[in-house]
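The analysis underlying the following values was restricted to heavy atoms, covering all of them including side chains, and did not include hydrogens, waters or symmetry mates. These numbers come from a predicted model, not from an experiment. Here is how names work: the chains are called A, B, and so on, in the same order as the sequence lines, proteins then strands, and each is numbered from 1.
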Amino acid sequence: MYDLRSLRDNLDAIKDQLGSRGRDVAWDDLRALIEARRSLTVMVDGLRHELKKGSEDVARLKREKQPADAAMAQMKALGDRIQVAEDTLRSTEERAQDMALRIPNLPHGSVPAGKDPADNQEVRQWGSAHAFTFTPQAHWDLGEALGILDFERAAKIAGARFAVLTGLGARLERALINFMLDLHTTRHGYREVLPPFMVNRAAMTGTGQLPKFEDDLFKLRDDDYFLIPTAEVPVTNLLREEIVPDDRIPIRYAAYTPCFRREAGSYGKDTRGLIRQHQFNKVELVVFSRPEDSYQELERLTGHAEAVLQELALPYRVVTLCTGDMGFSAAKTYDIEVWLPSQNTFREISSCSNFEAFQARRAGIRYRRKDGKTDFLHTLNGSGLAVGRTLVAILENYQQPDGSVTIPPVLRPYMGGAERIAKS
RNA sequence: GGAGGGGUGGCUGAGCGGCCGAAAGCGCUGGUCUUGAAAACCAGAGUUCGGGUAACCGGACCGUGGGUUCAAAUCCCACCCCCUCCGCCA
């Protein structure tokens, strides 16, 4: 989001630069609201000043045993006027604020223009797809045959887009979580965090899920809590309304959490398998950076996510999302896509974004610069990685002609030494 | 869930409804002193909104939101959070 001050000063420039990303914004209404807020502020401040002075006069008159009734009546009337003006100011400010909260972030200059995933730009590829001597099976067929995935019973106890993992499947999921966290905390310098899986409205607004995307979230009926759609929400909001000393920056957190998404509007997409679930596990990387370092940090962060796939020897590519495919809050996003042989294509397994000061302004995340001034930090995050999709990639890429699955060597210590998953 | 106590500046902690953005101590920053450091002494220092090129001026902020009053950190109400005890509970 933009603060109202810079919106007022740069409204036309912001509107131009947003282009089609800003097509939902009623710019003229917003401009009028911001200007009204400013003039109302001037008025209210003046009236309050008068009231303060008047009240001091009353105090003085009373001290000097002078009659104060006239002054008091005058101040009473002034107070009533202030009340009215303040109410108007408050509602004007709220409306302006609400509009500002619905404006998406400005894409960075290096982001390719475009309207859909077809316009994304491939940055690099790593590894090469295994040449199968047989037709590779989809992970859901493999998993069900191996007795480690159970979608039918998941539907019975919960519904569509849920899965039950059992036996070595459950063990593999847990192994992946531990492997990823260990990698990021010991080799990449992240501090591990285990946050709440439910957050309040303020946190959701801070990272940009609210107010615009409430329909995508699971919400508790009797409390104003939401299930987190990603660890980004609780972890980024860890520093909400704080001013961080310069010497603590950069701050890097790695967090495992389940993620909950309603997937409204995705009917018919990826209906089978683990790719698109209402609940999935993810290890998330979150970085707080000085503004001048944030794009360097984005490259690092992306590299840390890629390292997981390299360790697992899974082929992937990195793409830069175009302006039309980027999320609401991001200034620049790299997607990492893993190779899925059964679909003969790359599928997203990580999304690494620089939000610049967009989230920091919403959440009040600031730091004390060396010159003593406060400034907003830049926030970044990336999946490191989506665990369910990683499990999918392992099942499909490591499958054998007999339907068993080899366990990648780096995971074996986490699997009690097991080397393969076979039908038991 | 029941009973009681409490939420004030980086921290500790004062604050008769009016001259309180808020004492004091600690910590912090600059200076004096010192070969250097410590100590001592002096000075400075919150966040935010608006006006102004600027110096500066004005408003708001004492958990949050309402209310009473000419005037609220101080009084009233609701909510949130923390602590103690009881109940329940992994």
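Residues A:Arg60 and A:Asp57 are paired through a salt bridge, judged by an N-O separation under 4.0 Å between the basic side chain and the carboxylate. In summary, A:Arg31 and A:Asp12 engage in a salt bridge, as defined by a charged side-chain N under 4.0 Å from a carboxylate O.
Taking atom P in both B:G21 and B:G63, the straight-line distance is 16 Å, to the nearest Å. Across the C1' atoms, B:C75 and B:U69 are found 10 Å apart, a figure rounded to whole Å. A distance of about 12 Å separates the P atoms of B:C76 and B:G6, rounded to the whole Å. For the C1' atoms, the distance from B:C62 to B:G4 is 24 Å, rounded to whole Å. Here, B:U47 and B:A54 have their C1' atoms 23 Å apart, quoted to the whole Å. Remark: the separation of the P atoms in B:A45 and B:A22 is 11 Å, to the nearest Å. Only the C1' atoms considered, B:G67 is 22 Å distant from B:C81, to the nearest whole Å. Here, B:G9 and B:G15 have their C1' atoms 14 Å apart, quoted to the whole Å.
In this structure, B:U48 and B:G59 make a Watson-Crick or G-U wobble pair, each of the two defining distances being under 3.5 angstrom. In this structure B:C70 sits in a base pair with B:G18, meeting the Watson-Crick or G-U test at under 3.5 Å. B:C41 and B:G31 make up a base pair, with Watson-Crick or G-U wobble contacts both under 3.5 Å. Across all strands shown, B:A3 is found opposite B:U84 as a Watson-Crick or G-U wobble partner, with both distances under 3.5 Å.
Within 4.0 Å of A:Lys62, counting heavy atoms only, lies at least one base atom of the nucleic acid. Counting any heavy atom pair closer than 4.0 Å across all strands shown, A:Met75 reaches sugar-phosphate atoms only and no base atom. Among the atoms of the strands shown, base atoms are found under 4.0 Å from some heavy atom of A:Val58.
Contact between the side-chain N/O atoms of A:Thr374 and the OP1/OP2 oxygens of B:U48 is found at a separation under 4.0 Å. Between B:U48 and A:Arg5, no contact under 4.0 Å exists linking OP1 or OP2 to a side-chain N or O. Of the side-chain N and O atoms in A:Arg90, one or more sit less than 4.0 angstrom from OP1 or OP2 of B:G66. Close to B:C49, at under 4.0 Å from its OP1 or OP2, lies no side-chain N or O of A:Arg38.
Across the protein-nucleic acid pair, A:Glu241 atom CD and B:C61 atom P stand 17 Å apart, rounded to whole Å. In this structure, CD of A:Glu94 is placed 17 Å from P of B:C49, rounded to the nearest angstrom. One interatomic measurement links the two molecules: NZ of A:Lys65 to P of B:G18, which rounds to 15 Å at whole-angstrom precision. Atom-to-atom, CG of A:Leu47 to P of B:A71 comes out at 13 Å; the value is rounded to the nearest Å. Between A:Arg240 atom CZ and B:U64 atom P there is a gap of 13 Å when expressed in whole angstrom units. A:Arg48 has its CZ atom 17 Å from the P atom of B:G50, to the nearest Å. Atom NZ of A:Lys373 and atom C1' of B:G46 are 15 Å apart (whole Å). Rounded to an integer number of Å, the gap from A:Arg60 CZ to B:C19 C1' is 12 Å.
Under 3.5 Å, the side chains of A:Gln310 and A:Tyr316 contain a donor-acceptor pair of N or O atoms. There is a side-chain donor-acceptor pair under 3.5 Å between A:Glu396 and A:Ser342.
Both A:Arg368 and A:His49 sit near RNA chain B, but only A:Arg368 has its closest nucleotide nearer the 5' end. Both A:Met72 and A:Thr41 sit near RNA chain B, but only A:Thr41 has its closest nucleotide nearer the 5' end.
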(message) With side chain to side chain contact (heavy atoms under 4.5 Å, CB included) as the criterion, how do A:Ile103 and A:Tyr2 come out once you've worked through the C-alpha distance, each side chain's angles and the decisive distance to 0.1 Å?
(response) CA-CA 8 Å; A:Ile103 304 174; A:Tyr2 309 89; 3.5 Å; yes
(request) Determine, step by step, whether A:Ser294 and A:Ser289 satisfy the side chain to side chain donor-acceptor pair (under 3.5 Å) criterion, reporting the C-alpha distance in whole Å, the side-chain angles of both residues, the deciding distance to 0.1 Å, and the verdict. (result) CA-CA 6 Å; A:Ser294 67; A:Ser289 149; 4.9 Å; no
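The side chain of A:Asp45 lies closest to B:C49, out of B:C49, B:G18, B:U47.
Across all non-hydrogen atoms, the minimal contact from A:Ala357 to A:Phe376 is CB-CB, 4.0 Å.
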